[in-house]
2 protein chains.
Amino acid sequence: MAQPRRLSADARPVPEQPDLSPLDDKLGFWLRLAQQASFDALHRGLGPLGLTPGRLGVLLMLEANPDIRQALLAEALHIKPSNLTVLLAALEQDGLIRRTEEEGNRRANCLRLTAAGRALLRQGEAAEAEAERQLAQGLSPAERAALLAALRRIAEA
Amino acid sequence: MAQPRRLSADARPVPEQPDLSPLDDKLGFWLRLAQQASFDALHRGLGPLGLTPGRLGVLLMLEANPDIRQALLAEALHIKPSNLTVLLAALEQDGLIRRTEEEGNRRANCLRLTAAGRALLRQGEAAEAEAERQLAQGLSPAERAALLAALRRIAEA
DNA sequence: ACTTATCGTTATGCCCCATAACAAACGGGA
DNA sequence: TCCCGTTTGTTATGGGGCATAACGATAAGT
């Protein structure tokens with residue numbers, strides 16, 4: 001493709017309106033920005049509660065899967081077990097979860113929400129729902145479903 | 001007391017198939033996974049070249065916008081000027097870009113690709129195109145366009 | 001009993017993002 | 001001219017998320 005070479009056509013000193021075309025049609029670029037917007041929206045609602053998206057994910061999965069083991073939980077959250085360890089240590093420190101040895105397998109940990117954890121989870125869920133609403137506010141239900149399907153296909157490829 | 005018996009009905013010892021429903025319909029969750037997949041695909045192709053998505057973005061924008069100033073470039077890339085500084089210092093160290101004072105404004109920097117930078121950019125563009133192809137391989141052109149539009153609306157909300 | 005595999009932990013490093021504090025240079029007004 | 005506020009870029013620091021390697025402890029297979 002012929003490239004319009006600008007040899008000396010720098011008449012204007014500095015372009016005040018940069019050419020954005022190189023990034024404008026890149027999936028990777030817009031995925032980054034959209035994910036960033038998502039994180040920001042979540043952070044606004046979750047931050048005051050002392051939560052992050054990662055921490056909320058743990059609480060959500062723990063409520064639906066009591067006594068789950070760490071390896072399985074890490075797999076479900078798509079994070080590494082080594083990173084989950086740190087996350088869980090902080091959550092336990094904050095009194096939101098409890099770690100006990102699994103019966104008959106002293107090396108495995110049994111994870112469970114505490115009452116405080118369940119209470120905070122309810123607030124977190126509300127904040128998360130609000131963030132989700134903000135994100136999808138410009139999309140029709142059909143568009144949102146299509147977006148979700150496309151994201152899933154990309155993530156699972 | 002003797003035994004912390006499990007009060008609730010824990011008939012099944014440990015669920016081998018966790019309940020994934022809490023995260024399954026969350027935009028934020030799938031945005032994270034899709035963005036991660038995108039980053040991984042880019043990283044595979046760009047890593048051997050000594051590039052990252054962020055570095056490639058700079059090179060792409062610099063080719064389309066020679067002599068752009070840092071503040072404008074940072075705005076176009078949606079990154080903070082302070083982070084751009086570090087990125088540019090490394091790129092200059094690697095001989096991929098050149099920073100010169102803007103004529104008539106000694107505090108502003110003029111950014112420009114070097115020959116080496118332009119050469120590496122061509123390789124990076126090829127790797128990026130391949131990554132983009134992998135990501136969109138499960139999507140029809142119409143689906144890809146719809147995805148892009150939805151991401152833009154989320155990012156700009 | 002010895003070896004191998006599982007489960008979790010620790011340590012380290014990278015990428016991306018954000019804020020605050022700062023120096024240097026410009027520009028306008030008293 | 002001098003002062004002051006603004007622009008431009010830099011430095012330092014911290015946080016979230018991701019990945020790998022090395023390790024101790026336990027369990028399971030032979």
Side-chain angles (χ1 to χ4, degrees), chain A residues 13-14 16 28-29 31-44 46-47 50-58 67-75 77-93 99-111 155, chain B residues 14 16 28-29 31-44 46-47 50-58 67-75 77-93 97 99-111 155:
Chain A
V14 163
E16 285 307 320
F29 178 69
L31 275 171
R32 176 173 76 85
L33 292 194
Q35 204 268 339
Q36 191 62 29
S38 157
F39 187 87
D40 286 351
L42 286 170
H43 189 70
R44 273 194 299 275
L46 260 33
L51 291 178
T52 64
R55 284 165 73 99
L56 178 63
V58 171
D67 291 336
I68 195 176
R69 286 187 319 197
Q70 291 189 199
L72 233 61
L73 177 58
E75 188 183 3
L77 292 169
H78 288 84
I79 70 179
K80 299 292 169 193
S82 58
N83 294 321
L84 180 58
T85 294
V86 184
L87 213 48
L88 292 176
L91 289 172
E92 191 175 30
Q93 189 88 14
R99 272 191 288 192
T100 58
E101 284 177 357
E102 188 175 301
E103 299 183 30
N105 190 349
R106 259 173 33 214
R107 78 195 149 173
N109 280 346
C110 250
L111 304 176
Chain B
V14 164
E16 285 305 321
F29 178 68
L31 275 172
R32 177 174 73 86
L33 292 193
Q35 204 267 341
Q36 191 61 29
S38 157
F39 186 87
D40 285 352
L42 285 170
H43 189 70
R44 273 194 299 275
L46 260 32
L51 291 178
T52 64
R55 285 164 72 98
L56 179 63
V58 171
D67 291 336
I68 195 176
R69 287 188 316 199
Q70 292 189 197
L72 233 61
L73 178 57
E75 188 183 2
L77 294 169
H78 288 85
I79 68 179
K80 299 291 171 196
S82 58
N83 295 322
L84 181 58
T85 294
V86 184
L87 213 48
L88 291 176
L91 289 172
E92 190 174 32
Q93 189 88 12
I97 68 168
R99 273 192 287 193
T100 60
E101 284 177 354
E102 188 175 299
E103 300 181 29
N105 190 350
R106 258 173 34 212
R107 79 195 150 173
N109 281 345
C110 251
L111 305 176

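All chains are named by letter (A, B, ...) in the order of the sequence lines, taking the proteins before the strands, and each is independently numbered beginning at 1.
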Does B/Thr85 reach a base, just sugar-phosphate, or nothing at all? Heavy atoms under 4.0 Å. base
B/Leu72 atom CG is separated from D/dT7 atom P, nearest whole Å, by 14 Å
Indicate, with a heavy-atom threshold strictly under 4.0 Å, whether A/Ile79 touches base, sugar-phosphate, or nothing. sugar-phosphate
Pick the closest DNA chain D nucleotide for A/Leu77 and for B/Pro81 by heavy atoms, then say which residue is nearer the 5' end. B/Pro81
Let me confirm one number: the CG-CG distance from B/Leu72 to B/Leu84, rounded to the nearest 0.5 Å. 11.0 Å
Taking only side-chain N and O atoms of A/Gln70, does any of them lie within less than 4.0 angstrom of OP1 or OP2 on C/dT6? no
Nearest-nucleotide 5' precedence on DNA chain C, A/Gln36 against A/Asn105: A/Asn105
Tell me the interatomic distance from B/Leu88, atom CG, to D/dG9, atom P, rounded to whole angstroms. 9 Å
Within less than 4.0 Å of OP1 or OP2 of C/dT9, is there a side-chain N or O belonging to A/Asn109? yes
Measure from NE2 on B/His43 to P on D/dG17 and round the result to the nearest Å. 19 Å
Could you state the CG-C1' distance from A/Asp40 to C/dA18, rounded to the nearest angstrom? 10 Å
Between A/Ala37 and B/Ala155, the two heavy atoms sitting closest are CB-CA, 4.2 Å
Distance criterion of 3.5 Å, no angle test: do you see the side chain of A/Ser82 paired donor-to-acceptor with the base of D/dT20? yes
Tell me which of B/Arg107 and B/Phe39 sits closer to the 5' end of DNA chain C, going by the nucleotide each one is nearest to. B/Phe39
Measure the distance from NE2 on B/His78 to P on C/dC15 and round it to the nearest whole Å. 22 Å
Looking only at atom types and distance, does a side-chain atom of B/Arg55 sit under 3.5 Å from a main-chain N or O of B/Gly50, one as donor and one as acceptor? yes
Enter the distance from B/Leu42:CG to A/Arg32:CZ here, rounded to the nearest 0.5 Å. 11.0 Å
So what does A/Arg55 touch, heavy atoms closer than 4.0 Å: a base, only the sugar-phosphate, or nothing? nothing
From CG of A/Leu73 over to P of C/dC7, roughly how many Å is that when rounded to an integer? 14 Å
Rounded to whole angstroms, how far apart are CG on B/Leu111 and C1' on D/dT10? 14 Å
Starting at CG of A/Asn83 and ending at C1' of D/dT20, how long is that distance when rounded to a whole Å? 10 Å
Let me confirm one number: the CG-CD distance from A/Leu111 to A/Glu92, rounded to the nearest 0.5 Å. 9.0 Å
Under 4.0 Å from OP1 or OP2 of D/dG9: is there any side-chain N or O of B/Arg69 that close? no
